[in-house]
Amino acid sequence: MVDPGMTTNTDCIFCKIVAGEIPANVVLDTPGALAFLDVAPLAPGHTLLVPRSHHKQISDLSPDAMAEVTRHLPELARAVTTAVGAEGTNVLQNNGSVAGQVVNHVHFHIIPRFDKDGLGFRWSAGTYATGEADALIAKIKEQLA
Ligand code: AMP
Ligand code: ZN
């Protein structure tokens with residue numbers, strides 16, 4: 001199913017790839033999504049999966065539009081992992097410049113991982129003070145209601 005709210009942004013590099021206006025190494029092409037090799041790979045096979053429709057962040061996607069693109073993640077992860085002989089994958093999805101988003105068109109990175117590949121990120125785990133989690137749960141549930 002094609003996203004009924006299909007939008008495009010003439011300034012967006014991924015919209016240009018979707019429209020075929022600039023070249024890309026496309027590995028998957030469906031009515032709702034496109035996957036192509038990242039031009040600056042963190043590892044061989046580093047692939048980007050994007051919805052055809054222009055939306056900046058996942059919070060801008062309808063549940064159906066999200067399902068239409070993410071349904072391809074399992075097959076892509078399998079294909080990429082096998083093709084490059086990786087031992088694992090990270091699926092990374094950045095929202096907002098503070099989170100590392102550079103291209104403002106929703107995309108999922110499929111990054112093949114190898115033993116001792118040197119990739120990694122700082123995972124500075126914290127803790128909750130007494131009552132802090134309860135207060136947060138209440139706030140999040142209020143937003144979800
Ligand atoms: P992000 O930081 O999550 O916005 O990631 C954007 C990604 O898009 C980066 O990994 C870039 O290398 C990649 N990228 C930018 N332009 C292109 C392009 N024309 N073709 C393929 N990948 C691209
Ligand atoms: Zn776009």
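Numbering of ligands and ligand atoms starts at 1, following listing order.
- Side chain of N9 to main chain of C15: no donor-acceptor pair is present (N/O by atom type, distance under 3.5 Å, no hydrogens or angles).
- Near ligand 1, residues I13, F14, I17, F36, L37, D38, V39, A40, L48, N94, G100, Q101, V102, V103, H107, H109 come within 4.0 angstrom through at least one heavy atom.
- Residues passing the side-chain hydrogen bond (donor to acceptor under 3.5 Å, both in side chains) test with Q57: none are found, sequence neighbours excluded.
- With hydrogens and angles ignored, the 3.5 Å screen pairs a side-chain donor or acceptor of H107 with a backbone N or O of H105.
- Taking the six-membered ring where tryptophan is involved, the planes of F36 and F14 are perpendicular, since the angle between them exceeds 60° and thus also 30°.
- Across every non-hydrogen atom of D38 and A40, the tightest pair is OD1-N, 2.8 Å.
- Judged purely by atom type and a 3.5 angstrom limit, E21 has no side-chain atom pairing as donor or acceptor with the backbone of T10.
- Ordered by chain and number, C12 SG, C15 SG, H54 ND1, H105 ND1 make up the set of protein N, O or S atoms under 2.8 Å of the Zn ion (ligand 2).
- For the pair A43 and F114, the tightest heavy-atom approach, listed with the atom from each and the gap, is CB-CE1, 4.3 Å.
- Within the structure, side-chain hydrogen bond (donor to acceptor under 3.5 Å, both in side chains) pairs that include any residue of residues 130-145 do not occur (at least two apart or interchain).
- Closest approach of D117 and P112 over heavy atoms only: OD2-O, 4.3 Å.
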